[in-house]
There are 2 protein chains.
Amino acid sequence: MSVKERKRGRPGRSQGQLTSDLIVSTARSLMQKNGKVPSIRQVSGALGVDAMAIYHYFSNKSALLEALTVSLIDDIYEPTVDGNWQVELERLCKSYLALLQTYPGLLETLLTMDTFGPAQRFSERLALALTPLRLSEATFTDAQDLIVDYMHGVALAMQCNPDNLSSDCIDGALGLVCKALEVSR
Amino acid sequence: MSVKERKRGRPGRSQGQLTSDLIVSTARSLMQKNGKVPSIRQVSGALGVDAMAIYHYFSNKSALLEALTVSLIDDIYEPTVDGNWQVELERLCKSYLALLQTYPGLLETLLTMDTFGPAQRFSERLALALTPLRLSEATFTDAQDLIVDYMHGVALAMQCNPDNLSSDCIDGALGLVCKALEVSR
DNA sequence: CTTAAAATTCTACGCTGTAGAATAATGGTT
DNA sequence: AACCATTATTCTACAGCGTAGAATTTTAAG
C-alpha cells in the first residue's frame, strides 16, 4: 500500500506532462466537490504531483484561481434580446447565482481580480437583457449597478449560509426591480 | 532590549487581568488599523500575552469575531421616522457601508454567524426607515431584501477593491430603488 | 557530445488556528 | 494556618497553509 514514490526531476515523455488546463480543471472539480477553495497541496495531491509543480504553471495561488474563474465565467446564460425581457433577466440572474453557488470562492476571486474582464461578463449579459427596455443612459447604469451588486450580496449570503437559502429567494426583489424599470422606461 | 519574559501560571492580582472586552477592543483596533482580520497571535501580541490566553475567554477565533461584531453592530445610524425618508435611508445605508468598510471581515462574520441577531440589525433599522412609506407587506419584504443584499454586494466590492470605489457609488442605485418605492406606495 | 532549458521533487521557512499539559496565584473550607 | 479545587496563564506541539530556493532529471538544440 505504498504511495508510489515519485522520481525527482523532469519526467520522461511517456508519462503525460502536467498542463495548466489539467491543473485548473482539477482545482475546479475539487472546489465543486468540497464547496470551498482547495489548497495547493490538495490540488497537487489529486494530480499525483508535488505541490511545487503547480508553481511552474502559475506564479501563485491567486493566478490559478483567476484562471479558474476565467474558464468558468462564460458558462452564464446568454439572454436573447427578442424574448420576454423579464424572463431573460431572471434566467440570467439564476444562472449566475447557480454558478457562484456551485463554485464557492469564485465570487471573491472575481471581485478581487486585477483584470476586470470576467467581472464585467455578467454586467455585459445584463446589459443585453436590459436593452429591450430602452432605458435612459443614467437609469440603465443605475439598474446595472443595482442588480450586479444585489446578485453579489445574495451570492455571498448563500455562500455563508448554504442551508438556509435557495436561489428562488431572488424572485421578490427582482420583481420589484422589474416594476421599477417598467415605470422608468 | 529583551522582550520581557512572561511568568507562567495565573498572574497576581496586581497586574490587571485580561477581560473579553479588552481582547475584543484590541482585536477591533487591529482590524481597523490593518484593514483585515488579525490573527490570534497578533491580538495576543498587542495585549502582551500568550496566544492561548485568548482561548480562556473565547472558545475559538470565530467566537471572538462574533463578539467583535456584536460590539460594533449598534453603531449604525438609527433613522428617525419623522424626517424625509429618502434622506434617512441614505444616511442609514452610508453608515452601514462605512462600518463594513472600517472593519473588513465584519461582513463575512455577520453573514456566517449562527445567531442572526446582529445580521438583522440593519434590516430592523431599514424597516424603520421604510415605515413612512406604508408599503404593502409583500413590497416591504421585497424592498428590504433588495436593499440589504445590495448593500452587502457593494460592501464586498469595496472590500475587494478598496481603491477603486467610494461609498457615493450607491447614490444612483439607491435613487432607483427610491423611485420604485414611491411608485409602489 | 555538450549544454542550456524545462519540468519536476525536496527541503525548509514563517505563518495560521488550536489541543493538551504544566504552572502559579486565588479564594474558600477546614 | 494549612489545604485544595478553581482559575488564569504560559509552554510545547501539531497539522495545515502558501511558497522560496535548491537539487535533480529529462529533453531538445547546437
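Reminder, nothing fancy here: chain letters follow the sequence lines and each chain counts from 1. Note that the coordinates shown come from a computational prediction; the quantities given were computed from them, not determined experimentally.
Bracketed by its first and final contacts, the part of DNA chain C lying under 4.0 Å from non-hydrogen atoms of chain B reaches from dT16(C) to dT26(C) in 5' to 3' order.
Two residues are said to be in side-chain contact when any heavy atoms from C-beta on lie closer than 4.5 Å; Glu90(B) and Tyr77(B) fail this criterion. Using a 4.5 Å cut-off on side-chain heavy atoms (C-beta onward), Pro79(A) and Arg125(A) make contact. Looking only at side-chain heavy atoms (C-beta outward), Pro38(A) and Met31(A) come within less than 4.5 Å of each other.
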Which atom pairs, one a donor and one an acceptor, fall under 3.5 Å between side chains of residues 66-76 of chain B and the rest of the protein, sequence neighbours left out?
residue	atom	partner	partner atom	Å
Thr69(B)	OG1	Leu65(B)	O	2.8
Ser71(B)	OG	Arg28(B)	NH1	2.9
Ser71(B)	OG	Leu68(B)	O	2.8
Asp74(B)	OD1	Arg121(B)	NE	3.0
Asp74(B)	OD1	Arg121(B)	NH2	2.9

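Here Arg41(B) lies in heavy-atom contact (under 4.0 Å) with a base.
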Sort me out a list of protein N/O and nucleotides 5-9 of chain D N/O pairs below 3.5 Å, or just none if empty.
residue	atom	partner	partner atom	Å
dT7(D)	O2	Arg10(B)	NH1	3.2
dA8(D)	OP2	His56(B)	NE2	2.4
dA8(D)	O5'	His56(B)	NE2	3.4
dA8(D)	N3	Arg10(B)	N	3.2
dT9(D)	OP1	Leu18(B)	N	3.1
dT9(D)	OP2	Tyr57(B)	OH	2.4
dT9(D)	O2	Gly9(B)	N	3.4

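Contact between Ala129(A) and Trp85(A) at its shortest, heavy atoms only, is O-CB, 3.8 Å. Smallest separation of non-hydrogen atoms from Phe122(A) and Leu92(A): CE1-CG, 3.7 Å.
Summarising the local packing, CD of Gln101(A) is surrounded by more than 12 heavy atoms from other residues, nucleotides or ligands at distances under 6.0 Å.
The closest donor-acceptor contact from the side chain of Asn84(A) to the backbone of Gln86(A) lies under 3.5 Å.
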